[in-house]
Amino acid sequence: MKLNYLLSSIESQLLSISISNAFRAGSGRLKSKISAVVFGNKFLDIDVRGLSLNSKLTKKGHLFFCLSGSRCRGCDFINEAYSNGARAVVVEEIIKARIPKDLIVIRVKDIIKCLGSIAGRFYDHSSAKLNMTAITGTNGKTTTTFIIENILKAYRKQVGLIGTINYRFSKKVLSAQNTTPDILTTYSLIDQMLKDKIKYLLIEVSSHALAQRRIEGIKFDQAVFTNLGQDHFDYHRTKENYFKAKTKLFTDYLKEEGTAIVNIDDTDGCKLLEMIKKNKKFRVLTYGINKKADVCADRISVKRNGCCFTVTGLKRKFKLETNLLGRFNIYNALASIATCLVLNIPKEYIIKGLREIYVPGRLERVRCRNKISIYVDYAHTQDAIRNI
């Protein structure tokens, strides 16, 4: 794909384009109209074979994004990226070090916004071709994605999943480096899924990913909020910052015609509900046990080998049983059921998908002799341990 074509997607973000080692404020910059620079200059008419955030993984023909982290400046890795084959880089800051004379340097206002836009164009806006559900919350993200996946498979639908345990689709299982990968990894996974004719994608979206804008450029059809507890304060510092990070999924990344699905038995879920109800563009659906919700559960029975309860919502009422243990898993089930009802999945497949569901390390029972019961669980927050 041509560089000038990719740059035309970020025209309003462009500050300067240079092909000189004298790239400094006030020199080496092209100040003509950006549209003329993008479409008119032959030196931008080069093939881009890939996009890269890691200078060590950069290959010949890649466009390298100098994304800075908490410890390192992205610009410090320009020369390494160039040595590995990059012939163009995107930066946000002014470069003060010497760089190769034939390297194209593109300076922009907001590098992460540009990364999302360029990735979307490079991968032909692939995220728009899938039905995408994002799940966020302190606890329950993994279990909820597993349940929805199981229901969709029961309905004989092709589904992909990006989450804490792994990234998987078709018969492929990839190791998860992060709960939510960087935007280029996500777009690459989506591209592979489309080639495998995947129709639905489920993504766990962490607060770190939202704060760092790792899903920039993607819009979701459904966004689910499970709950908010005491976690990640080493990063967010305060619960208010933690909550604000979570709300970005709904304010910044949910389609205008999408659906927000919120647990209103959670205090912060109610807070989120009041915030997003002001937005008349997308649909809001609530779920819960204790409060009157759009999708709710009653006649609950929690046993050693699972749960059974009645679901009422969206003009439907049905009883189901699941091998999932604990009352807290009924909330995960309700989040999944609400999502599947939005997707118009018939209740018989919801019942089938929930009956037998296996989630590794989530109150996973180890069968033993001598009537001893051992359970393995990922719980590491106060709320999660209390629920277990």
Side-chain angles (χ1 to χ4, degrees), residues 1 50-51 115-136 140-206 209-210 214-224 249 253-255 257-261 282 332 335-346 348-350 352-354 356-360 362:
M1 192 170 289
L51 309 177
L115 174 58
S117 298
I118 288 177
R121 176 158 290 190
F122 185 83
Y123 287 104
D124 193 25
H125 301 283
S126 52
S127 65
K129 300 174 184 178
L130 288 168
N131 182 286
M132 300 180 62
T133 300
I135 297 94
T136 197
K141 296 188 295 296
T142 298
T143 300
T144 301
T145 56
F146 268 72
I147 297 172
I148 300 171
E149 179 191 39
N150 212 44
I151 293 171
L152 285 168
K153 285 183 175 179
Y155 194 37
R156 297 182 181 275
K157 297 297 181 181
Q158 297 296 313
V159 56
L161 192 151
I162 298 174
T164 304
I165 294 177
N166 52 39
Y167 312 146
R168 60 186 184 274
F169 55 97
S170 302
K171 294 182 179 180
K172 301 169 186 174
V173 180
L174 307 173
S175 298
Q177 301 301 315
N178 299 98
T179 293
T180 313
D182 64 76
I183 188 65
L184 295 187
T185 300
T186 299
Y187 265 108
S188 177
L189 288 168
I190 291 172
D191 192 54
Q192 294 175 58
M193 289 179 191
L194 286 170
K195 290 175 182 176
D196 282 2
K197 303 188 185 305
I198 299 297
K199 301 298 182 183
Y200 297 86
L201 175 58
L202 312 171
I203 302 183
E204 292 183 51
V205 182
S206 67
L210 288 162
R214 283 189 229 151
I215 54 173
E216 191 70 27
I218 294 179
K219 292 289 186 178
F220 294 94
D221 298 277
Q222 294 83 222
V224 181
L249 177 61
Y253 302 111
L254 181 60
K255 290 181 180 178
E257 67 276 16
T259 304
I261 300 167
F282 52 75
N332 296 330
S336 307
I337 292 165
T339 302
C340 290
L341 290 175
V342 170
L343 296 175
N344 295 315
I345 297 174
E348 55 265 33
Y349 296 102
I350 296 175
K352 182 179 179 181
L354 264 162
E356 292 293 332
I357 174 75
Y358 169 67
V359 186
R362 270 57 178 183

Using salt bridge (Lys or Arg N to Asp or Glu O under 4.0 Å) as the criterion, list what pairs up with [X], not counting sequence neighbours.
X: Arg121; result: none
X: Asp221; result: Lys255
X: Lys171; result: none
X: Lys129; result: Asp124

Side-chain donor-acceptor contact under 3.5 Å, [X] with [Y]:
X: Ser126; Y: Asp191; value: no
X: Thr186; Y: Arg214; value: no
X: Glu149; Y: Tyr200; value: no

Would you mind writing out the side-chain donor-acceptor pairs for residues 151-164 within the sub-3.5 Å range, not counting sequence neighbours?
unit_1: Thr164; atom_1: OG1; unit_2: Thr179; atom_2: OG1; d: 3.0
unit_1: Thr164; atom_1: OG1; unit_2: Glu204; atom_2: OE1; d: 2.8

If we ignore hydrogens and angles and just use 3.5 Å, is the side chain of [X] paired with the main-chain N or O of [Y] as donor and acceptor?
X: Ser206; Y: Thr180; result: no
X: Thr145; Y: Thr142; result: yes
X: Thr133; Y: Leu202; result: no
X: Ser336; Y: Asn332; result: yes

List the atom of Ala335, the atom of Ile261, and the distance in Å for their closest heavy-atom pair. O-CG2, 4.4 Å
Can you confirm whether Lys199 is buried at NZ, in the sense that more than 12 heavy atoms of other residues, nucleotides or ligands lie under 6.0 Å from that atom? no
With Thr339 via side-chain hydrogen bond (donor to acceptor under 3.5 Å, both in side chains) - residues at least two apart: none
Are Asp182 and Thr185 close enough, and set up right, to give a side chain to side chain donor-acceptor pair (under 3.5 Å), and what steps lead you there? CA-CA 5 Å; Asp182 64 76; Thr185 300; 3.0 Å; yes
Checking Arg168 against Phe146: charged group under 6.0 Å from the ring centre and within 45 degrees of the axis? yes
